[in-house]
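Naming convention: chains lettered A, B, ... in sequence-line order (proteins, then strands); numbering from 1 in each chain. Only this structure's heavy atoms are used, side chains among them; waters, hydrogens and symmetry mates stay out.
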2 protein chains.
Amino acid sequence: MRLRDENKRFAIREKALEMIVKDGFDGLSMHKLAKAAGVSPATIYIYFKDREDLILQLYFEESIRMSDATLKNFDPEMHFEEGLRVQWLNRAAYCLQHPQRMYFMEQMRHSPLHDKFREFGTPFVVAMKTFVSNAIRRKELVPLPVEVYWSIAFAPLYQLVKFHMGGKGMPGTGNFELSEPLIDQTLELVLKALKP
Amino acid sequence: MRLRDENKRFAIREKALEMIVKDGFDGLSMHKLAKAAGVSPATIYIYFKDREDLILQLYFEESIRMSDATLKNFDPEMHFEEGLRVQWLNRAAYCLQHPQRMYFMEQMRHSPLHDKFREFGTPFVVAMKTFVSNAIRRKELVPLPVEVYWSIAFAPLYQLVKFHMGGKGMPGTGNFELSEPLIDQTLELVLKALKP
DNA sequence: CAAAAATAAACGAACGTTCTTTTATTTAAA
DNA sequence: TTTAAATAAAAGAACGTTCGTTTATTTTTG
């Protein structure tokens with residue numbers, strides 16, 4: 001029996017991500033991917049059922065990697081302000097350190113392929129829900145639906161990251177670099193909105 | 001001389017948008033598009049230079065349509081709270097009335113194709129900048145960089161729209177429908193963050 | 001040796017685009 | 001007012017290429 005070479009799987013995975021980030025899903029062809037990963041086209045089909053399965057597995061693994069990074073040093077029992085700050089810093093750090101992975105995720109999330117993905121993430125979602133209901137119970141956070149909370153709490157951060165990654169802010173505004181003071185400034189405003 | 005049939009151009013345009021929304025950029029093939037639009041493949045190349053040009057023109061026209069809708073009943077000289085409210089209602093109405101066009105725009109914005117697009121939008125951007133600097137001068141808005149302003153002011157709205165369009169809110173939360181009270185509630189929090 | 005990994009080669013289908021021809025419409029001479 | 005030249009739109013078939021995937025075979029390793 002010959003064992004699978006996980007390095008090969010990894011190479012396929014990483015090159016696929018690179019290609020998607022560079023040229024979109026359009027740009028991901030199995031032939032080109034095989035060449036880039038130093039592997040025969042048929043080999044890809046040992047590790048992945050087909051092209052769609054490859055993309056979906058990629059997305060699944062990146063989702064886990066991302067939510068792990070998000071929950072670092074985070075505890076749902078934390079006080080609201082502290083917990084939100086930890087999450088902001090975690091998310092910002094991950095985005096800035098792994099712009100490619102981030103861009104892949106965003107591309108995936110906004111593509112029809114995303115619908116074929118079975119949402120998982122129970123541990124992550126559970127942690128978030130606990131955190132929010134704790135905060136409301138302690139009157140550290142105004143009571144609101146989870147979606148409204150999420151919109152106010154995190155959408156601004158990701159929008160800043162998009163400005164940063166696009167290399168430019170508002171069209172015509174020139175370059176925009178996301179710095180720690182800028183993150184702090186925005187977080188303060190978000191807290192102002194969310195705290196009673 | 002035979003005149004161009006603008007109905008044909010329109011049919012190609014609309015079907016292309018539908019196909020992209022349904023199956024992503026991957027799903028847009030010139031043959032299938034021609035068939036869907038009731039036209040010969042060669043005809044497409046009379047109206048558009050090539051596949052990429054078709055997508056880029058589509059994006060350009062949708063951008064204009066969207067910013068026009070956004071600026072309806074809006075005047076940069078408005079007071080901050082009123083102006084922001086008008087924009088929120090305009091944007092929300094457009095998103096809810098044209099979910100397909102909205103989804104196309106979001107898909108485009110998060111794809112590598114977006115980089116090949118030359119930003120235009122001067123009238124729109126000028127109006128927004130005037131509005132913001134007016135608001136700051138009148139002390140109706142805390143002073144902050146445009147990108148930070150934008151992140152707080154509009155990212156939450158678009159996140160709500162995404163929840164709404166995805167048919168579900170937070171993963172595992174079940175369905176989420178964007179209603180006017182919900183929009184108002186979120187806008188109030190945004191205003192709380194932005195007003196001095 | 002057995003069994004799975006890995007490959008090269010090949011498959012038909014589909015791709016984006018172009019070539020050639022036909023059709024529709026305008027222009028202007030008769 | 002008729003008719004024919006001129007022109008661009010439109011169509012259909014075809015181009016060579018590349019696509020995703022599979023088959024037949026060889027290589028590697030437990």
*Asks:* What nucleotide, of dT17(C), dG20(D), dT7(C), holds the atom closest to the side chain of Y45(B)?
*Replies:* dT17(C)

*Asks:* Check whether any side-chain nitrogen or oxygen of Y47(A) sits under 4.0 Å from OP1 or OP2 of dA6(C), and answer yes or no.
*Replies:* yes

*Asks:* Given atom CD1 of I46(A) and atom C1' of dT22(D), what is their separation to the nearest angstrom?
*Replies:* 12 Å

*Asks:* Hey, is CD on E77(B) packed in by over 12 heavy atoms from elsewhere, all under 6.0 Å?
*Replies:* yes

*Asks:* With nearest nucleotide decided by heavy atoms, which residue, P41(B) or D5(B), maps closer to the 5′ end of DNA chain D?
*Replies:* D5(B)

*Asks:* Round to the nearest Å and state the distance from R4(A) atom CZ to dT27(D) atom C1'.
*Replies:* 17 Å

*Asks:* Rounding to a whole Å, what distance do you find between K32(B):NZ and dT17(C):P?
*Replies:* 15 Å

*Asks:* If we only count heavy atoms from C-beta on, is the F176(A) to L160(A) side-chain gap below 4.5 Å?
*Replies:* yes

*Asks:* Under 4.0 Å between any heavy atoms, over every strand shown, what does T43(A) touch: base, sugar-phosphate, or nothing? Just pick one.
*Replies:* base

*Asks:* Suppose we screen for salt bridge (Lys or Arg N to Asp or Glu O under 4.0 Å). Which residues come up paired with E62(A), at least two apart in sequence or across chains?
*Replies:* R13(A), R65(A), R101(A)

*Asks:* For F48(B), report the nucleic acid contact type (base, sugar-phosphate, nothing); a contact means any heavy atom under 4.0 Å.
*Replies:* nothing

*Asks:* Over how many whole Å does the gap from K35(B) atom NZ to dA13(D) atom C1' extend?
*Replies:* 13 Å

*Asks:* Just compare dA9(D), dT17(C), dA6(C) and give me whichever is closest to any side-chain atom of H31(B).
*Replies:* dT17(C)

*Asks:* Taking CD in E180(A) as the centre, count heavy atoms belonging to other residues, nucleotides or ligands within less than 6.0 Å. Is the count above 12?
*Replies:* no

*Asks:* Looking across every strand, which nucleic acid part, if any, lies under 4.0 Å from L28(B) by heavy atom: base, sugar-phosphate, or nothing?
*Replies:* sugar-phosphate

*Asks:* Just compare dA6(C), dT18(C), dA11(D) and give me whichever is closest to any side-chain atom of K8(B).
*Replies:* dA11(D)

*Asks:* Counting side-chain heavy atoms from CB outward, which of dG16(C), dG12(D), dA8(C) is closest to A42(B)?
*Replies:* dG12(D)

*Asks:* Without decimals, in angstroms, what is the distance between R51(A) CZ and dT22(D) P?
*Replies:* 15 Å

*Asks:* Would R91(B) and F154(B) count as a cation-pi pair here, with the cationic atom under 6.0 angstrom from the ring centre and within 45° of the axis?
*Replies:* yes

*Asks:* Write down the distance between CD1 (I44(B)) and P (dT18(C)), rounded to a whole number of angstrom.
*Replies:* 13 Å

*Asks:* Should the pair R138(A) and F80(A) be classed as cation-pi, given the thresholds of under 6.0 Å to the six-membered ring centre and 45° from the axis?
*Replies:* no

*Asks:* In whole angstrom, what separates L33(B)'s CG from dA11(D)'s P?
*Replies:* 13 Å

*Asks:* Once rounded to the nearest 0.5 Å, what's the spacing between atom NZ of K72(A) and atom CG of L89(A)?
*Replies:* 12.5 Å

*Asks:* Output the rounded distance in Å from CG (D26(A)) to P (dC19(D)).
*Replies:* 11 Å

*Asks:* Should S29(B) be listed as having a side-chain N or O under 4.0 Å from OP1 or OP2 of dC15(C)?
*Replies:* yes

*Asks:* So does E18(B) pair up with K15(B), basic N to acidic O under 4.0 Å?
*Replies:* yes

*Asks:* Enumerate all atom pairs, one protein N or O and one N or O from nucleotides 26-29 of chain C, separated by less than 3.5 Å.
*Replies:*
from    : atom 1 : to    : atom 2 : distance (Å)
dT26(C) : O4'    : M1(B) : O      : 3.3

